Every structure is written in structure tokens, then in C-alpha cells.
Amino acid sequence: MDIKDVERFRQLLLKRREEILGASKHNLEAAQEFGRDGVTDLADEGSIAYNRMVLVSLSETEKKQIVEIDDALFRLKNGTYGTCQSCGEPVGEKRLGVKPEAPLCIKCQNGAEGKR
Ligand SMILES: [Zn+2]
């Protein structure tokens with residue numbers, strides 16, 4: 001995978017991350033608007049606490065996706081991105097195009113799901 005592909009997938013991953021967090025942030029703001037009576041204003045709490053609140057408001061599936069995306073971003077950095085975390089074979093560009101955070105090739109993914 002050359003540097004251009006790495007950058008392309010990095011942008012893809014960041015966009016997905018933003019989409020998941022953005023949707024959740026919207027829910028959170030709506031919830032705040034609803035119960036705004038003496039509750040601490042999150043805007044004053046600093047972005048770390050705010051981000052934590054956003055994460056807490058995520059569903060289990062969304063949290064798992066964020067973890068997978070962060071993991072994929074880490075692998076992009078250390079150069080193991082696109083390699084199956086189970087068998088070491090390439091995950092495949094086509095699969096990464098659909099699911100850029102995928103840690104496993106389709107064969108291992110199917111195997112993992114079959115075991116469950
Ligand atoms: Zn594999």
C-alpha cells in the first residue's frame with residue numbers, strides 16, 4: 001500500500017469516525033436542550049469531559065466501531081494496515097473500501113462469526 005492509499009484510507013476512517021460521533025453529538029445536544037435546568041453546562045467542562053460524554057452516549061455498536069476505527073488509524077501509522085490481524089494475509093482493497101476499519105480478511109471474519 002503506497003502513501004497515497006494510506007492517506008485515502010486515513011481520510012475515510014476519520015470521516016466515518018466523525019459521522020458516528022457527529023450523530024451522537026446531535027442526540028446529546030437534543031437531550032441537553034430537553035433537560036436544561038441547573039444541569040452543568042457541558043460547554044464549560046472542557047472538550048475532554050465533553051468527548052467522554054459523547055462516548056458514553058454512543059450505543060455499544062457505535063462504541064465498537066470507534067474502537068475499530070481508532071485501531072485501524074493506529075495500524076495505518078505503524079504500517080500494518082490492510083493486513084489481516086488473524087492470518088497476516090492482505091485484507092483486500094475492495095473490502096477496505098467498504099469497511100475501512102476491518103481488522104480481518106473476509107475469510108477470518110466469516111470464521112470468527114461462525115464460531116460465535
Ligand atoms: Zn485472515
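Whatever order the structure lists ligands and atoms in, that order sets their numbers, starting from 1. Fair warning: this is a prediction, and the values are worked out from it, not measured in the lab.
- Taking 4.5 Å as the limit, some side-chain heavy atom of P103 sits within range of a side-chain heavy atom of R75.
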Worked verdict on R16 versus E19 for salt bridge (Lys or Arg N to Asp or Glu O under 4.0 Å): CA-CA 5 Å; R16 271 174 90 93; E19 273 167 13; over 6 Å; no
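- Looking only at side-chain heavy atoms (C-beta outward), L73 and R10 come within less than 4.5 Å of each other.
- Here CG of L76 is found 9.0 Å from CD of E7. Values are rounded to the nearest 0.5 Å.
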Chi angles and distances behind the salt bridge (Lys or Arg N to Asp or Glu O under 4.0 Å) call for E60, K63: CA-CA 5 Å; E60 284 307 310; K63 258 185 251 178; 3.4 Å; yes
Stepwise salt bridge (Lys or Arg N to Asp or Glu O under 4.0 Å) test for R8 and E93: CA-CA 11 Å; R8 185 160 61 90; E93 290 233 6; 3.3 Å; yes
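- Residue-and-atom listing of protein N/O/S atoms under 2.8 Å from the Zn ion (ligand 1), sorted by chain and number: C84 SG, C87 SG, C105 SG, C108 SG.
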